[in-house]
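This one's a predicted model, so the numbers in the text were calculated from it and none came from an experiment. Any value given below was found using the heavy atoms of this structure, including those in side chains, with hydrogens, waters and symmetry copies removed.
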Amino acid sequence: MAGAEDGPGQQPELEDDEAASCRRWGAQHAGARELAALYSPGKRFQEWCCVVLCFSLIAHNMAHLLLLARWEHTPLVMLGMVAGALLADFLSGLVHWGADTWGSVELPIVGKAFIRPFREHHIDPTAITRHDFIETNGDNCLLTLLPLLNMAYKFRTQSPEVLEQLYPWECFVFCLIIFGTFTNQIHKWSHTYFGLPRWVVFLQDWHVILPRKHHRIHHVSPHETYFCITTGWLNYPLERMGFWHHLVASLPQLPQTEAICQIPASSRWPLQVERTPPGLGPGTSSPPTPPCDRILEPLIFFISFIFFPLGPSLAT
């Protein structure tokens, strides 16, 4: 049996008993279809509202940061970017670990809204590649609304002198928000093997964002490591520290209802390795990119990796 994820298009053979219990996988898996069906019109409306409000606030706050930028801020801005990326990576791992390990899709509010996507992802890891920009990023936009609103309130109420003093801190918070907002988009790219823009592949190859091969380690059973999915920078040191195992040992024995490690083998994705969906492999094309993704995804690069770092040089 394979000890690691198979590459795109490779289909490892199942043993007879596994084949009998795992005749369907990925998008055709009964559990995956059941979880996908829980995505409701109300949830879709909530995601649209969060995405629109989130990006409006990002644009508003970025404009104010650029107006306040000065050359002398550059060292602290760069330090804040790195610190924001590191903290966002850690928080993504903490949330990912919690959603994989605890709770159930039957929990009120958080079950269907937040835990469901993680459970669907481990039954059908490529489902995220079929989600459009709104479904992919709606939940993360919701989580960043409060700090964005708080930042916008400061810009409207604080004096220029106070904002000058707060500027390095606000840059750190803004970078944390940017990386946090786009964590799931970066996660989606780590599961997309065909049709990625060259600049995304470049950022993955240089490990600026989560690389594809790096994230595949998490999708090897029993899914107990490499939880960080923003940049992946902290995965190796946290694993060397045994952080996740120590965290479990230090917490009270809470019920792990329907945790990933407790899902029956017949309900998991066969072999617990990521595979390319039928019809996707070498020599085939990836699914067509939704129109809104073709417009919105490049905005991520524009905001996160070009416009904001150049802010001090653009300011007068």
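Here I186 contributes atom CD1 and Q204 contributes atom CD; the two are 9.5 Å apart, rounded to the nearest 0.5 Å. With rounding to the nearest 0.5 angstrom, the CG atom of N235 is 8.5 Å from the CD atom of E239. Here the NZ atom belonging to K213 is positioned 14.0 Å from the OG atom belonging to S190, to the nearest 0.5 angstrom. Taken from CG in L67 to CE in M62, the straight-line distance is 12.0 Å, to the nearest 0.5 Å. Going from atom CH2 of W244 over to atom OG1 of T225 covers 9.0 Å, rounded to the nearest 0.5 Å. Between the CZ atom of R70 and the OH atom of Y167 there is a distance of 8.5 Å, given to the nearest 0.5 Å.
Cluster annotation: Y153 and L146 are assigned to distinct hydrophobic clusters (Ile/Leu/Val/Met/Phe/Trp/Tyr, side-chain heavy-atom contacts under 4.5 Å, transitive). L66 and V77 end up in the same hydrophobic cluster when Ile, Leu, Val, Met, Phe, Trp and Tyr side chains are linked at under 4.5 Å. Criterion: ILVMFWY side-chain heavy atoms under 4.5 Å apart, direct or through other members. Under it, V248 and L238 are part of a common hydrophobic cluster. A continuous path of ILVMFWY side-chain contacts below 4.5 Å connects W169 to L149, so both sit in one hydrophobic cluster. No chain of hydrophobic side-chain contacts below 4.5 Å, direct or via other Ile, Leu, Val, Met, Phe, Trp or Tyr residues, connects L148 to L166.
In this structure the side chain of Q158 reaches within 4.5 angstrom of the side chain of L163, judged on heavy atoms. At least one side-chain heavy atom of M151 sits less than 4.5 Å from a side-chain heavy atom of E170. Within the 4.5 Å cutoff, the side chain of V200 has heavy atoms near those of the I209 side chain. Residues S159 and V162 are in side-chain contact: their nearest non-hydrogen atoms beyond the backbone lie under 4.5 Å apart. F155 is listed as a side-chain neighbour of L65, based on a closest heavy-atom distance under 4.5 Å.
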Please report, to 0.1 Å, the donor-acceptor pairs under 3.5 Å made by any side chain of residues 84-98, with sequence neighbours excluded.
| residue | atom | partner | partner atom | Å |
| --- | --- | --- | --- | --- |
| D89 | OD1 | T230 | N | 3.2 |
| D89 | OD1 | T231 | N | 3.0 |
| D89 | OD1 | G232 | N | 2.9 |
| D89 | OD2 | T231 | OG1 | 3.3 |
| D89 | OD2 | G232 | N | 3.3 |
| D89 | OD2 | W233 | N | 3.1 |
| D89 | OD2 | L234 | N | 3.0 |
| S92 | OG | D89 | O | 2.7 |
| S92 | OG | I229 | N | 3.1 |
| S92 | OG | T230 | OG1 | 3.3 |
| H96 | ND1 | F227 | O | 2.8 |
| H96 | NE2 | D100 | OD2 | 3.1 |
| H96 | NE2 | H218 | NE2 | 3.2 |

Donor-acceptor contacts under 3.5 Å from residues 171-181 side chains, at least two apart:
| residue | atom | partner | partner atom | Å |
| --- | --- | --- | --- | --- |
| T181 | OG1 | T144 | OG1 | 3.3 |
| T181 | OG1 | I177 | O | 2.7 |

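The two residues R212 and T192 come nearest to each other via the heavy atoms CD-O, 3.3 Å. Nearest heavy atoms, G138 versus C50: O-CB, 3.8 Å. Between L145 and L57, the shortest heavy-atom contact is CD2-CD1, 4.1 Å. Heavy atoms only, all atoms of each residue included: R216 and Y193 are closest at CD-OH, 2.7 Å. Between P168 and L76, the closest heavy-atom pair is CG-CD1, 3.6 Å. Heavy atoms only, all atoms of each residue included: L68 and E164 are closest at O-OE1, 4.3 Å.
Side chains of K188 and Q185: a donor-acceptor N/O pair is absent below 3.5 angstrom, by distance only.
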- Task: Start with the C-alpha gap between M78 and V82, add the side-chain angles, then the distance that decides, and say whether side-chain contact (heavy atoms from CB on, under 4.5 Å) holds.
- Result: CA-CA 7 Å; M78 301 304 294; V82 175; 5.9 Å; no

- Task: Apply side-chain contact (heavy atoms from CB on, under 4.5 Å) to the pair N184 and I128, showing each step before the final yes or no.
- Result: CA-CA 9 Å; N184 220 29; I128 193 173; 4.0 Å; yes

- May I have the step-by-step check of side-chain contact (heavy atoms from CB on, under 4.5 Å) for V52 and E47, ending in yes or no? CA-CA 9 Å; V52 171; E47 290 174 346; over 6 Å; no

- Task: Take R44 and D132 through the salt bridge (charged side-chain N to carboxylate O under 4.0 Å, His left out) test and state the conclusion after the steps.
- Result: CA-CA 11 Å; R44 178 71 174 182; D132 64 6; 2.5 Å; yes

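For F182 and F55, the distance between ring centers is under 6.0 angstrom.
Sorted by first and then second residue, the side-chain hydrogen bond (donor to acceptor under 3.5 Å, both in side chains) pairs with a member in residues 52-62 read H60-H64; sequence neighbours excluded.
The aromatic rings of H219 and H187 sit parallel, their planes meeting at an angle under 30°, below the 60° perpendicular limit.
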